[in-house]
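Structure record follows, encoded as structure tokens.
Just so we're on the same page: letters track the sequence lines, and every chain starts at 1.
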Number of protein chains: 2
Amino acid sequence: MLIGELAKQTGCDAETIRYYEREGLLRKPSRTASGYRSYTGEHHGQLNFVLHCRTLGMTLAEIRTLQDFQANPGFACNDVNVLLDQHISRVKQQIEALHLLEKQLVALRNRCRDNLTVGECGILKTLASTSAGDRCACDQAA
Amino acid sequence: MLIGELAKQTGCDAETIRYYEREGLLRKPSRTASGYRSYTGEHHGQLNFVLHCRTLGMTLAEIRTLQDFQANPGFACNDVNVLLDQHISRVKQQIEALHLLEKQLVALRNRCRDNLTVGECGILKTLASTSAGDRCACDQAA
DNA sequence: CTTGACCTTGTAGCTACTCCAAGGTTTTAA
DNA sequence: TTAAAACCTTGGAGTAGCTACAAGGTCAAG
């Protein structure tokens, strides 16, 4: 199977597949006589593992860690649980930060319900007037 | 005021201040005889505006747009409202995606409540077995 | 035998910084 | 007076996770 076919089957861009190979997340495939990458079902499975982890928001480093676990089936899987728990709590933090952010944005938005000029706009006034000390801890939110 | 002083007053790193200047978000300050940047209260206010927008998760491009509005006080501020509304709906989408993500992660985590070996771990099995077609639309979540 | 669809490598771009090196300036202390 | 510490300068590289492009090689169909 050439890279285009694997890309089609997995829904992953061919450039991204090459990128994952460079990053060591995908075993290097054999090559055809003309140098084209030639993939097997095993590569397909490995790529799906990576893609699945990515949709769950894991970083490439985390995925690499999970792959290391996979390579050592006899080890205790507690570390897998820990990794996942950390990831979950990170997601929870993000959600919380975004909720706070949303509240602030809606409050800001409510400062200009009318159709005024930019000079009178409560939103821009608020953004300009607030001092840096009032900034909240939601920097991580974005 | 030199850059270090402005950094201290605003809580913004000096390198970031120089970066904002390069990116056109901060007016270029005058220089001392020895070439040091010399800031005024106006710069202080402008930087605070940028920082405040950043804590609200706005991109630098959005902030530039808002600054353009500021420069034209006579214009209708409706576009400001639109920009903010778009930003709010983006944040809402992110929150939703993260909620979905969290649910999936917790479900995944529940596949291994015991202390098994990696080979028996339900988490890795699930991650490996799920096909790409099952991937959800939460890619934007991270 | 040429057109088009594929593949290759290498490099640069994206966001919003952050860090570093190599050097100039200013202040402070011995 | 001089030396060290604490500033400042520019330019360039690195971060994550791709994405896009250029310049070229390969292959099947018409």
When the distance from [atom1] of [X] to [atom2] of [N] is rounded to whole Å, what number comes out?
{"X": "A/Ile17", "N": "C/dC6", "atom1": "CD1", "atom2": "P", "result": "14 Å"}
{"X": "B/Glu23", "N": "C/dG13", "atom1": "CD", "atom2": "C1'", "result": "13 Å"}
{"X": "A/Glu21", "N": "C/dG10", "atom1": "CD", "atom2": "C1'", "result": "14 Å"}
{"X": "B/Asp13", "N": "C/dC17", "atom1": "CG", "atom2": "P", "result": "10 Å"}

Sorted by chain and number, sequence neighbours left out, side-chain contact (heavy atoms from CB on, under 4.5 Å) with A/Asn72 holds for A/Phe75
Examine the side chains of A/Glu5 and A/Gln9 and answer whether a donor and an acceptor come within less than 3.5 Å of each other. yes
Using a cut-off of 4.0 Å between protein heavy atoms and nucleotide atoms, how would you tag nucleotides 2-16 of chain D 5' to 3' with B, S and -? -----BSBB------
Output the residues of residues 82-90 of chain A in contact with DNA chain D, where contact means a heavy atom of the residue under 4.0 Å from an atom of the strand; sort by number or write none. none
Once you round to the nearest 0.5 Å, how far does CG of A/Leu56 lie from CG of A/Leu51? 11.0 Å
Between atom CD1 of A/Ile95 and atom CD of B/Glu102, what is the distance when rounded to the nearest 0.5 Å? 4.5 Å
Side chains of B/Tyr20 and B/Ile63: does their closest heavy-atom pair fall under 4.5 Å? no
List the atom of B/Val50, the atom of B/Gln67, and the distance in Å for their closest heavy-atom pair. CG2-NE2, 3.6 Å
A/Gly57 and B/Leu101: which non-hydrogen atoms are nearest, and at how many Å? N-CD1, 4.1 Å
Taking it one step at a time, do A/Thr55 and A/His52 satisfy side chain to side chain donor-acceptor pair (under 3.5 Å)? CA-CA 5 Å; A/Thr55 66; A/His52 193 196; 4.7 Å; no
Phosphate OP1/OP2 of C/dT18 contacted by B/Thr16 side-chain N/O (<4.0 Å): yes
Strictly below 4.0 Å: does B/Tyr20 bring a side-chain N or O up to OP1 or OP2 of C/dC17? yes
